[in-house]
Amino acid sequence: MTQSRGNILVVDDTPANLQLLESILQERGYTVRAAINGRLAIKAARLQPPDLVMLDINMPEMNGFEVCRELKNDPQSAAIPVIFVSAAVETADKLHAFEEGGVDYVTKPFQPMEVLARVETHLELARVRSELQRQNQALAQALQTLTRAQTQLVQSEKMAALGLLTAGVAHELNNPLNFISASVQGLQKTVAPVDQLMLLCQDLAGGEAGAALRRLQAWIGANHPEELRQEMNELVSNACYGANRAAEIVASLRIFSRLDEADRKNVNLHECLDAALLLLHNRYKDHIRIERRYGDLPLWLCQPGRLNQVFMNLLGNAVDAINAKPAHAADEEIRVSTRLQERGGRSCAVVEIADTGIGMSDEVKQHLFEPFFTTKEVGGGVGLGLAISHGIVRDHEGSIEVESREGQGSLFRVVLPQFEV
Ligand SMILES: Nc1ncnc2c1ncn2[C@@H]1O[C@H](COP(=O)(O)OP(=O)(O)OP(=O)(O)O)[C@@H](O)[C@H]1O
Ligand SMILES: [Mg+2]
């Protein structure tokens, strides 16, 4: 059985007309249902909506215009194209037919070729219209999904940045604060004999030299002043080290956060890179050398807060790539270099972050920048770092280039064109 070209409902109160139309249409491969009056036609259309209706105008009880009106009022059948059929050739009638929602008009006696041409045209139009509607809906849905995903991404961006930052800061501050508190506790103990010593000095100066000298000798025997001095000096310098280090971290943090997200500012990109490296310090300190090759860069106009996130992400990935190696070589290294370069007639700041990590397969390279793509184990990575970084660098009209060999390491190059001020 060949497939029907379409399902057509033919409505006419004259059986001869019905038969004629039926045979013209069936011969062309249409499935035809016939209705002898308006009521039956509406019933048939509700039962099983046809693809098109051919509707006689002059019928007793309910004329074609009334039938059409009912079909158009029912959302289920409103979209079905209606072609009116009549012997009348009055212009007024034709106009009325279009007003009632008809798409076309054929006159009796039928010209089979004309009837078929009109039917085909309107079926095709209806098909195209419904396909358009379907695609429109799909587009609207896609847009909605996209908007939702974007909102989520922006939110995740903030959370990811915040998470990285707080984790880094907590780790980094912990170490110097331990230094300070251990030193201060030690100092508390060493201060007690020094306090005694000061009293003795007072006594000595007060005149009772003989007795005071004896007590001083006893104090020396009990407190080993050379060790005591050494210990005190060490504790004080440790406390100072811790305090300075904590101050450094806080300063880096300020570089990170003074930076209003949306505002463009002129900043020293090397300071940004250093701040990011400092915040990641606890993840690479023992086993990875940081090689800085900073070129001559002027202050750069950018959104520093967001750019810092890019540097954090790229440096974090570099550390991860080295840490993912089954065994560490003695010379694991992250090279951070910067230079000024002319590209496409614009002056660009180029920042390269190269690592000696595990590198990437072609497969990984292909998906690198997709949101939620990660090869890290659960809890290890969300897969947003590069997607977010890509967006940020694109907002700076720049690009991120990647070179990598599996097992040998990777290089990420951030190219930032200079903005016209
Ligand atoms: N320097 C690199 N060396 C090797 N592979 C890398 C490197 N940088 C990124 N990749 C690969 O790209 C994937 C995606 O990186 P991305 O930074 O977007 O997400 P992630 O690091 O897995 O998670 P997140 O950054 O959200 O914590 C990584 O899982 C890793 O497979
Ligand atoms: Mg990452």
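Whatever order the structure lists them in is the order used to number ligands and atoms, beginning at 1. Numbering of residues begins at 1 and proceeds along the displayed sequence.
Using a 4.0 Å cut-off between heavy atoms, Asp320 makes no contact with ligand 1 at all.
Scanning Ser410, Ala324, Gly409 for the heavy atom closest to atom 3 (N) of ligand 1 points to Ser410. Selection from Ser361, Ala354, Gly385, Gly383 by nearest heavy atom to atom 23 (O) of ligand 1 gives Gly383. Taking all heavy atoms of Asn317, Leu315, Thr374 into account, the minimum distance to atom 22 (O) of ligand 1 is reached by Thr374.
When all heavy atoms are compared, the tightest approach of Cys302 to Leu269 is SG-CD2, 4.3 Å.
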(request) Go through the steps for Asp51 and Arg127 under the test salt bridge (charged side-chain N to carboxylate O under 4.0 Å, His left out), then give the verdict. (result) CA-CA 9 Å; Asp51 298 319; Arg127 247 177 243 135; 5.8 Å; no
(request) Before giving the answer on salt bridge (charged side-chain N to carboxylate O under 4.0 Å, His left out), spell out for Glu131 and Arg134 the whole-Å C-alpha distance, their side-chain angles and the decisive distance to 0.1 Å. (result) CA-CA 5 Å; Glu131 176 62 12; Arg134 202 188 53 74; 2.9 Å; yes
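No side-chain N or O of Glu333 forms a donor-acceptor pair with one of Thr356 less than 3.5 Å apart.
Checking only distances, Asn313 never comes within under 3.5 Å of ligand 1, N or O to N or O.
For His287 and Tyr284, the ring centers are positioned 6.0 Å apart or more. A ring-centre distance under 6.0 Å is not found for Phe98 and Phe84.
Among the backbone and side-chain atoms of Asn313, none of the N, O or S atoms lies under 2.8 Å from the Mg ion (ligand 2).
Annotation: cation-pi pair Arg264/Phe419 present, NZ/CZ under 6.0 Å from the ring centroid and within 45° of its normal.
For ligand 1, the atoms sitting less than 4.0 Å from at least one non-hydrogen atom of Leu386 are 9 (C), 15 (O), 16 (P), 17 (O), 18 (O), numbered in the order shown with element in parentheses. Every atom of ligand 1 is numbered from 1 in the order shown, and the set under 4.0 Å from a heavy atom of Ala321 is 2 (C), 3 (N), 4 (C). Residue-ligand proximity, Thr375 to ligand 1, at heavy-atom distances under 4.0 Å covers atoms 28 (C), 29 (O), 30 (C), 31 (O).
Close to ligand 1: Phe412, with a non-hydrogen atom less than 4.0 angstrom away. Assignment of Gly357 to the shell around ligand 1 is not supported, since no heavy atom sits closer than 4.0 Å.
A side-chain donor-acceptor contact under 3.5 Å links Arg33 to the backbone of Ala44.
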